[in-house]
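Read the structure below first, then the notes.
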Amino acid sequence: MKRTRIKTILSSEKPIDLVLIKGWVRTRRDSRTFSFIELNDGSCLNNIQVIADDLLKNYEQIKKLSTGSSVSVKGTMHESPGKGQKWEIHASEIEVISLAPDDYPLQKKRHTDEFLRTISHLRPRTNKYGAAFRIRSKLSYAIHRFFQDLGFTYVQTPILTGSDCEGAGELFQVTTLDIDNPPRSNGKTDYQNDFFGKTANLTVSGQLEGEMFALALGDIYTFGPTFRAENSNTSRHASEFWMVEPEMAFCDLAEDMDYAEKFIKFLVDYVIKNCAEDLELFAKFVDKTLMSTLETIGSKKFIRLPYSEAVTILNQSGKKFNYDVFFGADLQTEHERFLAENHFKQPVILYDYPKTIKPFYMRLNDDDKTVAAMDVIVPRIGEIIGGSQREDRLELLETRMDDTGVSREEHWWYLDSRRYGSVPHSGFGLGFERLIMLVTGITNIRDVIPFPRTPGSIEF
RNA sequence: UCCCCAGUAGCUCAGUCGGCAGAGCAGGUGGCUGUUAACCACCGUGUCCGUGGUUCGAGUCCGCGCUGGGGAGCCA
């Protein structure tokens with residue numbers, strides 16, 4: 001007999017004569033002649049209540065079932081006479097697969113997120129983390145769905161790279177050299193003898209490679225891991241995280257913003273429609289304003305505001321900021337949050353930033369002062385998307401590289417794309433974990449990653 | 001990297017002015033019960049993060065370190 005998932009039987013319209021379910025005991029309560037077992041198999045948030053009566057031949061063993069134990073249950077599903085659940089299973093046979101000893105760290109009461117982080121291998125067994133990681137899975141699917149339905153091609157850009165990309169952050173170096181005794185020449189480590197014959201790193205962005213494919217396949221997206229060796233100790237940064245980076249040929253900044261807005265709205269809508277039960281847990285226990293936040297994102301057209309106007313608004317707001325605002329200053333977290341949370345109270349797309357604070361690949365505007373960059377700012381999270389129209393004019397790109405100290409020689413292949421049939425194109429990057437935080441109300445990035453990596457922490 | 005806060009039982013926490021370490025939950029035993037974070041009674045539990053100091057006496061005060069958290073920077 002094949003096991004049925006608890007999610008499947010809970011959504012049944014009618015009783016079932018005989019079912020086989022398998023799962024883990026969440027809690028057990030004894031009555032006089034029988035025992036209630038709350039069973040969860042991870043297929044959904046809800047448990048199913050199993051009635052084990054004392055006629056079962058191994059009832060003495062069943063009475064020892066503790067939280068975390070695994071069992072296999074055969075029985076009939078019928079309407080529950082008790083309050084609190086529609087269905088329950090009356091067991092005809094219960095096999096104890098494995099007992100969890102009483103040092104099982106998860107109790108049926110609430111634990112703190114900090115404690116659960118120390119047992120990352122067990123926390124998916126809790127309601128909250130089970131829900132978070134089911135939502136993470138659904139969102140991954142929705143990302144593919146969005147782009148595939150629009151005819152985009154999924155490109156797997158390399159994780160090991162030879163270039164330091166856009167200088168997007170500190171790099172994790174990858175080497176097979178003996179680090180205690182590396183080969184040296186002219187007083188420096190000689191990487192000619194390293195595995196790839198030169199220095200190699202973990203990727204900080206797939207964008208430049210993504211552009212090459214957009215300029216061949218038209219519309220593409222990447223979705224994969226990214227690594228930053230920055231000593232960032234905040235609740236919004238991890239050393240290993242996932243990014244989605246679409247790149248569109250024949251696309252200007254306005255269309256880029258259209259895609260970004262449509263993308264976020266699609267994902268929020270997808271979760272509301274497909275993760276209702278799990279979402280409810282977060283709306284109830286994690287963030288009471290979650291549903292209204294998500295509805296605002298889904299229904300309101302995102303504000304589009306040039307950087308220069310944002311500077312004016314911030315200066316006229318009368319609010320005292322820790323960092324001064326003036327044209328040429330990078331907007332700080334406090335400024336972005338003020339705009340999204342206090343001034344507009346909804347998502348805002350800022351665009352046309354000063355060229356001095358943005359990387360070399362962004363397209364120079366006609367004013368010669370700003371570049372065609374855009375950031376999507378959402379309440380509570382801040383920047384969730386950063387993107388731009390790329391500089392497609394070879395001479396201007398080369399000048400910008402020289403000005404910002406990016407090696408032309410190393411990026412010969414990137415420059416080739418502007419040499420041969422260059423076209424206007426745009427793209428953006430979305431931090432996947434920040435999206436999950438936005439959608440669930442979870443405030444620490446460590447709690448939306450199965451096994452988070454942060455400075456000084458790689459236990460699992 | 002900088003600023004601030006915290007570290008006490010398996011977990012969540014209290015601990016007054018520096019004077020014998022204490023609750024709830026979890027666990028054990030018994031009872032009761034179509035229960036649902038069940039309930040009632042009884043029972044056990046400590047490197048008070050580490051280290052150095054002040055003091056007759058330190059969980060409590062001071063220095064240093066470690067770990068965790070919040071905020072900032074860097075960014076997604």
Side-chain angles (χ1 to χ4, degrees), chain A residues 26-39 46-53 64 66-68 79-85 88 90 100-119 122 126-127 166-170 203-207 224-245 260 285 321-323 330-337 357-359 375-378 381-387 428-438 443-449 454-457 459:
Chain A
R26 279 295 170 79
T27 171
R28 200 195 78 248
R29 294 177 291 274
D30 293 327
S31 189
R32 197 175 34 179
T33 58
F34 55 90
S35 194
F36 296 100
I37 300 168
E38 294 283 338
L39 203 65
N46 286 323
N47 307 320
I48 187 137
Q49 176 165 283
V50 174
I51 310 298
D53 64 45
K64 290 203 185 75
S66 51
T67 303
E79 276 194 47
S80 175
K83 287 176 193 160
Q85 61 279 316
E88 65 183 23
H90 193 106
D102 60 26
D103 60 355
Y104 182 61
L106 292 172
Q107 300 173 12
K108 34 187 177 178
K109 70 182 190 111
R110 194 187 152 272
H111 291 288
T112 59
D113 294 324
E114 291 79 18
F115 170 68
L116 290 170
R117 260 170 236 153
T118 67
I119 49 169
L122 296 175
T126 64
N127 286 339
E166 42 175 300
E170 294 296 312
T203 183
V204 293
S205 164
Q207 182 200 310
T226 308
F227 307 87
R228 307 260 169 106
E230 261 146 29
N231 192 13
S232 298
N233 295 287
T234 83
S235 54
R236 300 189 314 281
H237 294 85
S239 312
E240 177 181 329
F241 62 99
W242 279 55
M243 271 213 293
V244 184
E245 296 181 289
F285 298 112
F321 293 108
N322 291 323
Y323 290 83
D330 209 352
L331 297 184
Q332 305 296 325
T333 303
E334 57 177 345
H335 306 131
E336 293 178 344
R337 293 190 65 157
I357 57 170
K358 290 292 180 185
D375 284 349
V376 180
I377 315 294
V378 292
I381 305 292
E383 183 183 339
I384 193 166
I385 280 181
F428 61 82
L430 169 132
F432 185 46
E433 281 76 16
R434 291 190 181 172
L435 173 74
I436 303 168
M437 291 166 75
L438 173 70
T443 52
N444 195 311
I445 197 167
R446 295 169 181 84
D447 298 333
V448 299
I449 300 177
T454 50
S457 175
E459 179 66 24

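So that the names make sense, note that chain A is the first sequence line, chain B the second, and so on, each numbered from 1.
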Completion exercise
In whole angstroms, the gap separating P of A72(B) from CZ of Phe321(A) amounts to 13 Å

Fill in the blank from the handout: In Watson-Crick or G-U wobble terms, with both distances under 3.5 Å, the base opposite A23(B) is U12(B)

Exercise for the section: List the protein contact pattern of nucleotides 42-49 of chain B with one symbol per nucleotide (5' to 3'): B for base contact, S for sugar-phosphate-only contact, - for none; contact means a heavy-atom distance under 4.0 Å. Expected result: --------

Problem - base_contact_polar (G27(B) base, Ser66(A) side chain, donor-acceptor, <3.5 Å) - result: no

Completion exercise
Picking from G70(B), U1(B), U35(B), the nucleotide nearest the side-chain atoms of Arg446(A) would be G70(B)

Practice task
Measure the shortest side-chain to side-chain distance between Ile119(A) and Leu106(A) over non-hydrogen atoms and say whether it is less than 4.5 angstrom.
Solution key: yes

Exercise for the section: Return yes if the base of C74(B) and the side-chain atoms of Ser232(A) contain a donor-acceptor N/O pair under 3.5 Å, otherwise no. Expected result: yes

Handout entry: Side-chain (Ser80(A)) to main-chain (Gly82(A)) donor-acceptor, under 3.5 angstrom
Key = yes

Problem - Interatomic spacing from CD in Gln85(A) to CG in Asn46(A) - rounded to 0.5 Å - result: 10.0 Å

Practice task
For nucleotides G52(B) and G15(B), find the distance between their C1' atoms and express it as a whole number of Å.
Solution key: 25 Å

Exercise for the section: Check the angle between the aromatic planes of Phe34(A) and Phe36(A) and answer parallel, tilted or perpendicular using the 30° and 60° thresholds. Expected result: perpendicular

Handout entry: Residue closer to the 5' end of RNA chain B, Arg117(A) versus Gly84(A) (nearest nucleotide)
Key = Gly84(A)

Problem - Heavy-atom side-chain contact between Gln107(A) and Thr67(A) under 4.5 Å - result: no

Practice task
Report the distance from atom CG of Asp113(A) to atom P of C11(B), rounded to the nearest whole Å.
Solution key: 16 Å

Practice task
For A37(B), take OP1 and OP2 only and decide whether either is under 4.0 Å from a side-chain N or O of Arg26(A).
Solution key: no

Handout entry: Under-4.0 Å side-chain N/O to phosphate OP1/OP2 contact, Thr234(A) with G73(B)
Key = no

Exercise for the section: Grab the OH-P distance between Tyr323(A) and C74(B) for me, whole Å please. Expected result: 7 Å

Practice task
Would you mind classifying the nucleic acid contact of Glu38(A) as base, sugar-phosphate or nothing, using non-hydrogen atoms under 4.0 angstrom?
Solution key: base

Handout entry: Partner nucleotide of A6(B) by Watson-Crick or wobble geometry (both distances under 3.5 Å)
Key = U67(B)

Handout entry: Interatomic distance at C1', C49(B) relative to G59(B), whole Å
Key = 12 Å

Fill in the blank from the handout: His90(A) NE2 to G34(B) C1', in whole Å, measures 12 Å

Completion exercise
Comparing Phe36(A) with Pro105(A), nearest RNA chain B nucleotide closer to 5' gives the residue Pro105(A)

Show me the protein contacts with nucleotides 4-6 of chain B, counting only N or O atoms at under 3.5 Å.
none

Problem - Thr333(A) side-chain N/O to C75(B) phosphate OP1/OP2 under 4.0 Å - result: no

Practice task
Look only at the side chain of Glu334(A) and the backbone of Asn322(A), and say whether a donor-acceptor pair between them is shorter than 3.5 Å.
Solution key: yes

Exercise for the section: Look only at the side chain of Gln332(A) and the backbone of Asp330(A), and say whether a donor-acceptor pair between them is shorter than 3.5 Å. Expected result: yes

Practice task
Just compare U12(B), C74(B), G34(B) and give me whichever is closest to any side-chain atom of Glu230(A).
Solution key: C74(B)

Problem - Side chain proximity check, Glu170(A) to Arg228(A), heavy atoms < 4.5 angstrom - result: no

Exercise for the section: May I ask you to evaluate whether Ser31(A) reaches the phosphate of U33(B), defined as a side-chain N or O under 4.0 Å from OP1 or OP2? Expected result: no

Exercise for the section: Remember a base hit wins even if backbone is also touched, and classify Gly82(A) as base, sugar-phosphate or nothing at under 4.0 Å, heavy atoms. Expected result: base

Handout entry: Any N/O donor-acceptor pair, His237(A) side-chain to C75(B) base, under 3.5 Å
Key = yes

Handout entry: U67(B) to U29(B) separation - C1' atoms, rounded to the nearest Å
Key = 38 Å

Exercise for the section: Please answer whether the main-chain N or O of Phe321(A) pairs with a side-chain N or O of His335(A) as donor and acceptor at a distance below 3.5 Å. Expected result: no

Practice task
Looking only at side-chain atoms of Thr27(A), point me to the closest of G69(B), A38(B), G34(B).
Solution key: A38(B)

Practice task
Quick one: look up who A72(B) pairs with, Watson-Crick or G-U, both distances under 3.5 Å, and put none if it's unpaired.
Solution key: U1(B)

Exercise for the section: Starting at atom CG of Leu331(A), determine the distance to atom C1' of C74(B), rounded to an integer number of angstrom. Expected result: 15 Å

Handout entry: Whole-angstrom distance between C39(B) and C32(B), as gauged at atom C1'
Key = 8 Å

Fill in the blank from the handout: Between CE of Met437(A) and P of C75(B) the distance, given in whole Å, is 18 Å

Practice task
Provide, to the nearest angstrom, the distance between the CD1 atom belonging to Ile357(A) and the C1' atom belonging to C74(B).
Solution key: 14 Å

Handout entry: Donor/acceptor link under 3.5 angstrom from Glu334(A) side chain onto base of G71(B)
Key = no

Practice task
Please determine, for the side chain of Phe115(A), which listed nucleotide (G34(B), G71(B), U12(B)) has the closest atom?
Solution key: U12(B)

Exercise for the section: Indicate whether OP1 or OP2 belonging to A38(B) is found under 4.0 Å from a side-chain N or O atom of Arg29(A). Expected result: yes

Exercise for the section: Establish whether the base of U35(B) is bridged to the side chain of Gln85(A) by a donor-acceptor pair shorter than 3.5 Å. Expected result: yes

Handout entry: Listed nucleotide nearest any side-chain atom of Gln107(A), set A72(B), G10(B), G34(B)
Key = G10(B)

Exercise for the section: Using a 4.0 Å heavy-atom cut-off across all strands, classify Ser35(A) as base, sugar-phosphate, or nothing. Expected result: nothing

Practice task
Send over the distance from Arg236(A) CZ to G73(B) C1', rounded to a whole Å.
Solution key: 10 Å

Practice task
Can you check whether any acceptor in the base of G73(B) is under 3.5 Å from a donor in the side chain of Gln332(A), or vice versa?
Solution key: no

Problem - Main-chain N/O of Ala100(A) paired with Ser66(A) side-chain donor or acceptor, under 3.5 Å - result: yes

Problem - Asn233(A) (side chain) and U1(B) (base): donor-acceptor pair under 3.5 Å - result: yes

